[in-house]
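First the structure, in the form of structure tokens, and then the observations on it.
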Amino acid sequence: MGRGRRAPGIRALALVLLAVAAAAGVAAGDPDPDELERAFPIVEPDHGHTKLRLSEQGLDAIRRIENPIAIVGVIGPYRSGKSFLLNQLLSLSCDKGFGVGHMRDTKTKGIWIWGTPVEMDVDGSKVSVLYLDTEGFESIGKSNVYDDRIFALATVLSSVLIYNLPETVREADISRLSFAVEIAEEFYGRVKGQDVAFEPAKLLWLIQRDFLQGKSVQQMVNEALQRVPNDNGDKYIDEVNQIRDSLAVMGDNSTAFSLPQPHLQRTKLCDMEDKELEPLYVKRREQLKQLVSSIIKPKIVQGKTLNGKDFVSFLQQILEALNKGEIPSTGSLVEIFNKAILERCLKVYREKMDGLGLPVPVEKLQQVHEMANEEARIIFDKQHFGKHHAAQSVLKLEDEIKKVYRNFLLANEYQSSKLCEARFSECEDKMDHLQVLKLPSMAKFNAGFTHCNQSFVRECVGPAKESYERRMSKMLVKARALFIKEYNNKLFNWLVTFSLVMVVIGRFVIKFFLLEIVAWVMFIFLETYTRMFWSAESLYYNPAWHIIVSSWETIVYSPILDLDRWAIPIVIMVSFGILYWRCFGGRRKRGRGSLLPVYKNSYKNSSRPRSD
């Protein structure tokens, strides 16, 4: 009994929870499917009616689509029945589908889409087909540039582009296809490549209210696309003839179809059902649906299909390009699609240049630059989009490569200066150290001089090498001249000191009279003869002096032993050795005696009587 009472309460609670969940779903942004059963603007005119801007309302409806998208777009003059045609293709009434107007001003502003896509199976894949309505051109209060932007945007976005024309094909209708022709010429033929920009739309010429008898609509279109004689050299006719030639080349990408007038009372078409319309019209309309379904392909951009989010991003890029200049240009579209390729080419160029390891000689940097530039150009030539307008992208690539190369030149110069300055400073310090040797050695100076110069030539590379070589040459010449001058003075002083030391050793240490005499002769020779007959500048170049220098160099320089560092310790050790030998070695031979080399024994052994 209690369980039965609780049942209504549980059901009520469940309903409340469901309502809360539904409200949460709406708050989270999940659109109600019924709300999508209408037309949404995706592109609107600005206040001046010259450029276009995006409408987030319609973009939100597109973003939710996860399947690949295909677009069926309808373009044509205003008041030509484009919106009514789309409603017929979607099997919608006028009050539920796209807005249909019967006044002289255009009903559709900008570009609109039907919010609910038609799901189709294309080559075994599920594709969401969106139908796109455009503002008619040649309406009152608009510029031709605005019409061109609408036309260009519909041409780029559509997979199937229906060119809706009343009754026949006019010269003006052909001239308006110039942008579509340029796009086809730029991008057509690359649809099988790995990096496809986008496939040009399949062009469907739709002639409504066809009263012509005896000719098919395809024959009429073919005749309209034949060249017109221009004996007077009219520039406009030449331009239209060029478009005709290009459209003839695009023959495989276009087809023609005609629809008879659905009813004489055109203002009441929205109130009529199929049974009230002309039977031939209803039959041809169904054939048109089948034709459109048979040529629909998913939109392919950069080699892949687009879902809703991708399509919105693509739309934003295209609109930015078309609004970029005063007039919409195919070149701006080519730049958009070549942007990623340019970045890849620049990346390849940078990677090649980064592998150098600065600094390097200028010739090598130039050589690697040319190789990397050539490789980048090959990649660009293979992958770029556009035939006629690609030149702008080529110039941009060259400018970017020049900027990068200029940066590498500056970096190479900086690194070269930094490296050469370091090697120059090392050599300068080395020369300063050689100037203050305790035991001056020309051989040691020359060895250090040669090693320093060779290491500088080997390690200093790059554009700064030439200027630093001049500085290095001047520094070495100056260091050599200063060393030679100091070398003579130091060598002379060392030889004078050496002669005096030999005098002391010969007289008091080893008591070798001949050594003492030679030392005195050397001392007198250095102090008198050289000062009397040799100048300080010519001393080093005198042949006699060469003998002295050669002997000195043999004594003080050895690649194995740095005598300049070990001279004082060696002298001290030798001195202690001599003293030890003189004092203790001689004592063992003579017995007890004085520790000093005095003349006591000579007095004791003398036969002369002492004076004391």
Side-chain angles (χ1 to χ4, degrees), residues 417-460 464-465 467-505 519 522-523 525-531 534-578:
S417 299
K418 185 177 178 181
L419 178 62
C420 292
E421 179 65 31
R423 299 290 86 83
F424 178 82
S425 298
E426 290 178 2
C427 287
E428 198 171 34
D429 294 340
K430 181 70 174 177
M431 292 297 101
D432 291 342
H433 172 71
L434 292 174
Q435 296 289 348
V436 294
L437 291 175
K438 298 181 182 70
L439 297 177
S441 171
M442 180 59 67
K444 186 174 184 179
F445 179 86
N446 289 336
F449 181 95
T450 303
H451 177 267
C452 185
N453 191 39
Q454 289 177 349
S455 64
F456 177 84
V457 172
R458 182 177 62 254
E459 298 177 15
C460 176
K465 183 174 182 177
S467 61
Y468 273 89
E469 279 183 337
R470 290 194 295 267
R471 288 181 58 187
M472 187 73 176
S473 178
K474 292 180 180 178
M475 186 270 291
L476 292 178
V477 169
K478 183 178 179 181
R480 178 183 285 276
L482 181 62
F483 179 82
I484 291 174
K485 180 179 179 181
E486 294 296 326
Y487 176 82
N488 292 325
N489 294 332
K490 287 183 180 180
L491 181 57
F492 181 85
N493 293 333
W494 268 105
L495 290 176
V496 171
T497 304
F498 177 75
S499 63
L500 291 175
V501 170
M502 290 297 102
V503 168
V504 174
I505 292 175
M522 182 178 179
F523 176 78
F525 174 80
L526 292 173
E527 286 293 329
T528 60
Y529 188 84
T530 55
R531 293 180 183 273
W534 293 346
S535 64
E537 290 76 12
S538 63
L539 184 62
Y540 180 68
Y541 302 99
N542 190 282
W545 186 253
H546 272 284
I547 300 174
I548 299 174
V549 170
S550 299
S551 303
W552 172 262
E553 292 291 339
T554 304
I555 297 172
V556 300
Y557 176 70
S558 171
I560 301 174
L561 179 64
D562 188 359
L563 195 60
D564 189 70
R565 177 182 295 181
W566 297 102
I568 295 177
I570 290 174
V571 169
I572 294 174
M573 292 175 62
V574 170
S575 300
F576 273 110
I578 293 174

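Heavy-atom basis, side chains included; hydrogens, waters and symmetry copies ignored. Given the structure is predicted, the values throughout are model-derived calculations rather than measurements.
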Tell me which donor-acceptor pairs under 3.5 Å the side chains of residues 448-458 have, and how far apart each pair is, sequence neighbours excluded?
unit_1 : atom_1 : unit_2 : atom_2 : d
T450   : OG1    : N446   : O      : 2.8
S455   : OG     : H451   : O      : 3.1
S455   : OG     : C452   : O      : 2.9

For the residue pair R480 and V477, establish whether any side-chain heavy-atom pair is separated by less than 4.5 Å.
no
What residues form a side chain to side chain contact (heavy atoms under 4.5 Å, CB included) with K418, not counting sequence neighbours?
Y414, Q415
Correct closest heavy-atom pair for C460 and K465 would be O-CD, 2.9 Å
Kindly write out the residues that satisfy ring-ring contact (aromatic ring centres under 6.0 Å, His included) with F523, not counting sequence neighbours, or none if the list is empty.
none
Y487 OH to K444 NZ distance, which is reported to the nearest 0.5 Å:
12.5 Å
Are any of the side-chain heavy atoms of D429 and H433 separated by less than 4.5 Å?
no
Is a side-chain N or O of S499 found less than 3.5 angstrom from the main chain of V496, in a donor-acceptor match?
yes
Sidechain-backbone polar pair: S425 side chain, E421 backbone, donor-acceptor under 3.5 Å
yes
Set of residues satisfying side-chain hydrogen bond (donor to acceptor under 3.5 Å, both in side chains) with respect to Q435, sequence neighbours excluded:
none
Does E459 have any side-chain hydrogen bond (donor to acceptor under 3.5 Å, both in side chains) partners at least two apart in sequence or in another chain, and if so, which?
R423
Geometric class of the Y468/F424 ring pair [parallel <30°, tilted 30-60°, perpendicular >60°]:
perpendicular
Under a 4.5 Å cut-off applied to non-hydrogen side-chain atoms, are V436 and E486 in contact?
no
Which value, rounded to the nearest 0.5 Å, describes the distance between E428 atom CD and L476 atom CG?
10.0 Å
Does the side chain of M475 reach to within under 4.5 Å of the side chain of M431, using non-hydrogen atoms?
yes
Residue set satisfying side chain to side chain contact (heavy atoms under 4.5 Å, CB included) with A443, at least two apart, ordered chain then number -> S441, E553, Y557
